[in-house]
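One structure below.
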Amino acid sequence: MEIEATNFIEDIINKDLKEGRCDHVQTRHPPEPSGYLHIGHVRNIVLNYGLAEKYGGICNLRYDDTNPQKESQEFVDSIQDDVHWLGYNWHEIHYATEYFQMNYEVAIKLIKEGKAYVCDLSPEQVSEYRGTLTEPGKNSPYRDRSVEENLDLFERMKNGEFEAGSRCLRAKIDMASPNMNMRDPVIYRIQYLNHQRIGRSWNIYPTYDFSHPLDDCYEGVTHSICGPEFEDHRPLYNWVVENSGLKNHSRQVEYANLYIKGAILGKRFIKKLVQDGLVTGFDDPRLYSLRGLRRRGVLPNSLKNFVLAAGISKSNALIDPEFLNHFIRDELNQVSKRVMAVLNPIKLVINNWEEGKEEEIELEDYPQNEETTKRTYYFGKTSLIEREDFIEEPNPKFYRLYVGAEVRLKGAYIVKCTSFDKDENGNITTIYADYEEGTKSGTNCTKKVKGTIHWINPNHAKQVEVRLFENLVDEESQDEVEGQERATGDFKINPNSKTILDNCYVEDTVDYNFDDRYQFIRNGYFCLDKDTTNNKLVFNRTITLKDTKKK
RNA sequence: UGGGGUGUAGCCAAGUGGUAAGGCACGAGACUUUGACUCUCGCAUGCGUAGGUUCAAAUCCUGCCACCCCAGCCA
């Protein structure tokens, strides 16, 4: 399924193209390598790579690696891997740190033109001088230093002569601006850190506000697409570009964030879950990290279709998880191999079936496709069926097994339940039924029954481990995790978020592969997990089937 | 509180002066060797709110309300 969607960003691009503000489209995907990618990043990735693709332009991957305090090589590697998994390719790969010399030269130009100055105020003082939301700031006493002194001081900052935090370079704009970002923003700070890519080669680091617009211009970016939090940085973005003397003028376009109700997003929250041992790692299947989703069995196109269908607007969206689930199911339904598996087995014995006799039956691998392959399976006297497919006390809304009820065994015969055994503790141990001749599936049997259940022949079964997942966050505290910033860590973890069943059976007639997706009839969509316990196959349930059972 | 942004159904979201697209969810029915899938039908006299302009307003104007972002030498 290909989702076609246009949005306001394309309107802007079309207008720019039409009015000659640009003659091509170039975007960039600018992650900071400070965490693993999660579903909230997919929209940005789809937009940047997708728009470039759509307009025949290019999209570079550019790491915004200007703050070594939060970054590491682990994250730069994982980001590339995740982008590839989503099916995108960058044109070139760049790092903000590549442009440090060029950034530095622009800074020198600004100083020479009296548009930037070295400030000796401490971080606390800078904050004090900045004023508040309602009161204007006041000028730094160092604001009017001579060009020569600024040049000298900046050079010495670069040479590592001053303590970190003791001085910084600031753009000289307007301390009384109602926009806090324009009150002489810091554009360079001193940091003596070992950067993952450039080591200790620089003692001064440009801030995002300074490097980002410049880097966009160097690369020839036409549309710099970013989150809503940068909307009031746009005047600063433009100030930097206009005062840089660079030819290319990129345009910053903001769009709103996308959140999923009940999902914990945000790098720092996911990190906390991992650190606290509440999840097994960044690829825990319960997480909405790309790694987690992937291990859970979600296919990348489902994610793309989801963000495309959700649309792009300027109002922050808190989306119902069922909306995502729909796209996950939709794709899985098309590609999954149908297989019978019993998760919670109970024995079913056919009274009127000859002991030891097995009959070949035919099952379709992909009944959702016209030209499906088929496989042979075996029906015998004893089967394993799902415990919940039998009920002791009949209920009019229940149309599976109870004494006297008729049900079809998928691919085989219609059977009628006759009795059941209980052990001394009152647990049901065996169910008995009669099969009806002439009702085999695929023959021209006209008899119809309400229910069809799946089963496993224990002589042709693999015992496997199955992992079922539910929402990580306790439902009652879901409201507290609505938005990324609101997820303060107060949420409760759902103790049932992960269930491991180790007494499950699947047909042994199927070849199981890591890349394949399976629908266990009536039990949901599954994929193989890399972990194996006791040499048993381990299946993760990606998602359940839609449940429309009448209550 | 100064500035910026956003308010269309339970959740997303089209709409740009001509009488409220679409998807998810939900409800009813058909089909069915999966209570899945598929199909059919239903689902806003209403567009945050109060006024105003107009033959005509979700769209234009004015006031008000709600939510989000900004006072890092983070991005």
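A, B, ... follow the sequence lines: proteins, then strands. Residue 1 opens every chain.
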Return whichever of A:E364 or A:P30 has its heavy-atom-nearest nucleotide of RNA chain B closer to the 5' end. A:E364
Need to verify one output field. Residue with the more 5' nearest nucleotide on RNA chain B, A:R43 or A:C119? A:R43
Give every pair of a protein N or O atom and an N or O atom of nucleotides 20-24 of chain B that lie under 3.5 Å apart, one pair per line with the distance.
residue, atom, partner, partner atom, Å
B:C24, OP1, A:H326, NE2, 3.3
B:C24, O2', A:F323, N, 3.4

Quiz question: going by heavy-atom distance under 3.5 Å, is there a donor-acceptor pair between the base of B:G3 and the side chain of A:D232? yes
So does A:R400 reach the base of B:G35 with its side chain, donor to acceptor, closer than 3.5 Å? yes
Distance between the [atom1] atoms of [N] and [M], in whole angstroms?
N	M	atom1	value
B:A25	B:A44	C1'	16 Å
B:A13	B:U6	P	13 Å
B:C68	B:G29	P	43 Å
B:G15	B:U59	C1'	8 Å

Regarding [X] and [Y], does a basic nitrogen lie under 4.0 Å from an acidic carboxylate oxygen?
X	Y	value
A:R62	A:E219	yes
A:R522	A:D389	yes
A:K447	A:E406	yes
A:R375	A:D365	yes

Whole-Å distance between [N] [atom2] and [X] [atom1]?
X	N	atom1	atom2	value
A:N14	B:U16	CG	C1'	15 Å
A:K374	B:U33	NZ	P	14 Å
A:I312	B:G5	CD1	C1'	18 Å
A:D547	B:C37	CG	P	10 Å
A:L133	B:G72	CG	P	10 Å
A:D330	B:A25	CG	P	10 Å
A:N181	B:A71	CG	P	7 Å
A:N179	B:C69	CG	P	16 Å

Assess A:R167 against A:F162: is NZ or CZ under 6.0 Å from the centre of the six-membered ring, and within 45 degrees of the ring's axis? yes
Could you tell me if A:R197 sits above the aromatic ring of A:Y95, with its cationic atom closer than 6.0 Å to the ring centre and no more than 45 degrees from the axis? yes
Under 4.0 Å between any heavy atoms, over every strand shown, what does [X] touch: base, sugar-phosphate, or nothing? Just pick one.
X	answer
A:H454	nothing
A:T452	sugar-phosphate
A:E135	nothing
A:F230	base
A:K70	base
A:T66	sugar-phosphate
A:L121	base
A:P228	nothing
A:Q368	nothing
A:R338	base
A:Y413	nothing
A:R408	sugar-phosphate
A:Y399	base
A:S177	nothing

Determine: side-chain N/O of [X] to OP1/OP2 of [N], distance under 4.0 Å, yes or no.
X	N	result
A:S34	B:A75	no
A:R130	B:G72	yes
A:R522	B:U33	no
A:T548	B:A36	yes

From the list A:V76, A:D64, A:N44, A:L61, side-chain contact (heavy atoms from CB on, under 4.5 Å) partner of A:P31 resolves to A:L61
Flag the pair A:F154 / A:Y188 as yes when their ring centroid distance falls below 6.0 Å, and as no otherwise. yes
What pair of heavy atoms forms the shortest contact from A:Q69 to A:Q191, and how long is it? NE2-OE1, 3.3 Å
Is the glycosidic angle of B:G5 within 90° of 0, making it syn, or outside that range, making it anti? anti
How does RNA chain B look in dot-bracket form if you count Watson-Crick and G-U pairs under 3.5 Å, write [ ] for pairs that cross, and put | where a base pairs with another strand? .(((((((.[[[..)..(...]]].(((((.......))))).....[[[[[..)....]]]]])))))).....
Which nucleotide in B:G2, B:G35, B:G72 has an atom nearest any side-chain atom of A:M180: B:G2
If you count the non-hydrogen atoms of other residues, nucleotides and ligands that lie under 6.0 Å from [atom1] in [X], is the total more than 12?
X	atom1	value
A:K314	NZ	yes
A:E19	CD	yes
A:Q73	CD	yes

List the residues meeting side chain to side chain contact (heavy atoms under 4.5 Å, CB included) with A:R200, not counting sequence neighbours, and say none if there are none. A:N194
